[in-house]
Every structure is written in structure tokens, then in C-alpha cells.
Amino acid sequence: MHQLSFSSPQGYLDIAEEDGKIVSLTWLNESDELHRDETALLLECEKQILEYFHGKRQGFDDIPLNPKGTSFQKNVWDALYRIPYASLKTYGDIAREVGSVARAVGGACGANPIPIIIPCHRIIAGNKGLGGFSGGKGTSSKLELLALEGVKIFEENQPALPGL
């Protein structure tokens, strides 16, 4: 497995490649080891992620993905991948697409190994609440990603977030 760590507006990210496909994207803590394994795919993925953060990209082109998970999780992640930039769907919307229930979709979102590229941040609760987010600093990172895309979430539906 090859890994590449880099600085982003949300802190250090680490992307991993296995057999020519991206298998994970994770936020790093200060104590985590940084990697600089510069394969062509990892460098292209880093470039596209940074372009996304700087408002120059709305999708990810020619980045082969191979997230590890169950068949159900992969079906959910495929549905998430198809959500357009700056759009929102609910856990229930995705549940109807994959023939399941919202709670199971929430579990698959939480297990998404390639957030941002597989945009689980574009999923909200049926009551228009923010829902959860397992990447970065949790829901504050989710709000930042949505704000970057120009998505407005109504504050009255959100829990109070420290520092925002």
C-alpha cells in the first residue's frame, strides 16, 4: 500500500492507494505519522482534493476507487458518489435508492473510507438536521465542506457547535 499525507484547509489528510486504486482518505492527528509516497495516482488525487478545497473543482475525475466494505456499504457509497456538488439528500432518500432503512444508511456513511471523494457530507437527516460526520472534527468539518460548496443549512435545525 502507498500513502501520501498533505496539508489541507481542514488539517492534514492521508490518502492510500492499493493496486492502483484509492482505498482510503483520512484526517490525521498531530501525533500521526506523515507519508510521502509519491505515486502518480496519489499525486493526482492530492491535486484534485486541493483544487476542490480552493473552489476550482466540483468533482473528481479519473480517480479509481476501491473502498473496502460489505456489498450493502458499497451500494450506499455508490449512491453517495452520484450526489452532485452542492446538493443534499437525506439518509431516507439514499435508503429508498438502495432498498434499506435510514439507520443502516447512516451506519454505511459512518464507515465510508473515502470521504470528500465519496461525499457523505452531503447527507442530512430527514428533519433537515445536520446528522453526523465521522471525518475530521465531526460535524464542524461537515459544515465547513457544505459551506465550501455553498450549501446553506438552517441553524435552527442544528445543535450548538463550540467555536462556530
Side-chain angles (χ1 to χ4, degrees), residues 3-4 6 8-11 13-28 41-42 44-154 157-159 161:
Q3 291 178 262
L4 179 69
F6 60 97
S8 82
Q10 285 198 343
L13 299 177
D14 189 81
I15 46 179
E17 170 190 348
E18 190 174 278
D19 298 326
K21 295 181 180 177
I22 299 299
V23 294
S24 69
L25 185 154
T26 56
W27 280 260
L28 298 177
L41 176 58
L42 289 175
E44 179 62 23
C45 191
E46 173 190 27
K47 174 182 164 273
Q48 290 191 29
I49 290 169
L50 291 175
E51 288 172 349
Y52 166 81
F53 274 116
H54 292 103
K56 297 177 181 173
R57 173 173 293 280
Q58 295 184 357
F60 298 92
D61 303 325
D62 302 319
I63 301 291
L65 305 177
N66 188 22
K68 306 288 188 223
T70 66
S71 293
F72 172 75
Q73 289 170 328
K74 289 179 180 185
N75 285 339
V76 170
W77 300 334
D78 187 52
L80 298 178
Y81 187 77
R82 293 189 306 268
I83 300 171
Y85 182 88
S87 297
L88 295 175
K89 287 199 174 188
T90 67
Y91 295 100
D93 292 335
I94 300 299
R96 284 185 287 283
E97 281 185 45
V98 300
S100 186
V101 295
R103 184 175 300 269
V105 168
C109 287
N112 176 9
I114 313 174
I116 301 173
I117 297 173
I118 298 175
C120 53
H121 61 278
R122 296 180 187 149
I123 300 297
I124 60 171
N127 66 359
K128 305 300 182 214
L130 190 59
F133 191 65
S134 59
K137 295 177 184 166
T139 52
S140 63
S141 292
K142 182 175 185 171
L143 281 171
E144 288 174 15
L145 292 170
L146 292 173
L148 171 75
E149 296 183 15
V151 175
K152 304 265 191 278
I153 299 289
F154 298 107
N157 293 331
Q158 306 314 314
L161 296 172

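Just so it is clear, the model here is predicted, and its values are computed rather than measured.
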Can you give me the closest heavy-atom contact between [X] and [Y], atom names plus distance?
{"X": "Gln3", "Y": "Ala16", "result": "CG-CB, 3.9 Å"}
{"X": "Cys109", "Y": "Ser134", "result": "O-OG, 4.4 Å"}
{"X": "Ala95", "Y": "Ala102", "result": "CB-N, 3.6 Å"}
{"X": "Ala111", "Y": "Gln73", "result": "CB-NE2, 3.5 Å"}
{"X": "Glu97", "Y": "Ala79", "result": "OE1-CB, 3.6 Å"}
{"X": "Gly11", "Y": "Ser8", "result": "O-OG, 2.7 Å"}

> Can you list the residues that meet the salt bridge (Lys or Arg N to Asp or Glu O under 4.0 Å) rule with Lys68, with sequence neighbours excluded?
Replying inline: Glu18
> Can Lys74 and Asp78 be said to form a salt bridge (charged side-chain N to carboxylate O under 4.0 Å, His left out), step by step?
Replying inline: CA-CA 6 Å; Lys74 289 179 180 185; Asp78 187 52; over 6 Å; no
Report yes if the side chains of [X] and [Y] come closer than 4.5 Å at any heavy-atom pair, otherwise no.
{"X": "Val76", "Y": "Tyr81", "result": "no"}
{"X": "Ile118", "Y": "Pro67", "result": "yes"}
{"X": "Ile114", "Y": "Trp77", "result": "no"}
{"X": "Thr70", "Y": "Asn75", "result": "no"}
{"X": "Ile22", "Y": "Leu41", "result": "yes"}
{"X": "Ile123", "Y": "Leu80", "result": "yes"}
{"X": "Val23", "Y": "Ile15", "result": "no"}
{"X": "Tyr52", "Y": "Glu149", "result": "yes"}

>> Between Lys21 and Glu17, does the salt bridge (charged side-chain N to carboxylate O under 4.0 Å, His left out) criterion hold? Intermediate values first, please.
In response: CA-CA 5 Å; Lys21 295 181 180 177; Glu17 170 190 348; over 6 Å; no
Can you measure from [atom1] ([X]) to [atom2] ([Y]) and round to the nearest 0.5 angstrom?
{"X": "Leu88", "Y": "Leu146", "atom1": "CG", "atom2": "CG", "answer": "6.0 Å"}
{"X": "Leu4", "Y": "Leu25", "atom1": "CG", "atom2": "CG", "answer": "10.5 Å"}
{"X": "Lys56", "Y": "Gln48", "atom1": "NZ", "atom2": "CD", "answer": "13.5 Å"}
{"X": "His54", "Y": "Leu148", "atom1": "NE2", "atom2": "CG", "answer": "9.5 Å"}
{"X": "Lys47", "Y": "Phe60", "atom1": "NZ", "atom2": "CZ", "answer": "11.5 Å"}

>> Working note: Tyr91 + Ile124, criterion side chain to side chain contact (heavy atoms under 4.5 Å, CB included); need CA distance, chi angles, decisive distance, verdict.
In response: CA-CA 6 Å; Tyr91 295 100; Ile124 60 171; 5.7 Å; no
> With Asp93, which residues qualify under side chain to side chain donor-acceptor pair (under 3.5 Å), at least two apart?
Replying inline: Thr90, Arg96
>> Run the side chain to side chain donor-acceptor pair (under 3.5 Å) test against Asp61 and tell me which residues pass, sequence neighbours left out.
In response: Arg57
>> One pair to check against side chain to side chain contact (heavy atoms under 4.5 Å, CB included): Thr26 and Leu13. What are the steps and the verdict?
In response: CA-CA 6 Å; Thr26 56; Leu13 299 177; over 6 Å; no
>> Donor-acceptor pair, distance only, cut-off 3.5 Å: does the side chain of Lys142 make one with the backbone of Leu130?
In response: yes
> Under 30°, 30 to 60°, or over 60°: which ring-plane class applies to Trp27 and Phe133, parallel, tilted or perpendicular?
Replying inline: perpendicular
> Given the rule in the side chain to side chain contact (heavy atoms under 4.5 Å, CB included) test, do Ile94 and Ile83 qualify, once you have shown the distances and angles that lead to the verdict?
Replying inline: CA-CA 10 Å; Ile94 300 299; Ile83 300 171; 4.2 Å; yes
> Would you call Lys137 and Glu144 a salt bridge, using N to O less than 4.0 angstrom?
Replying inline: no
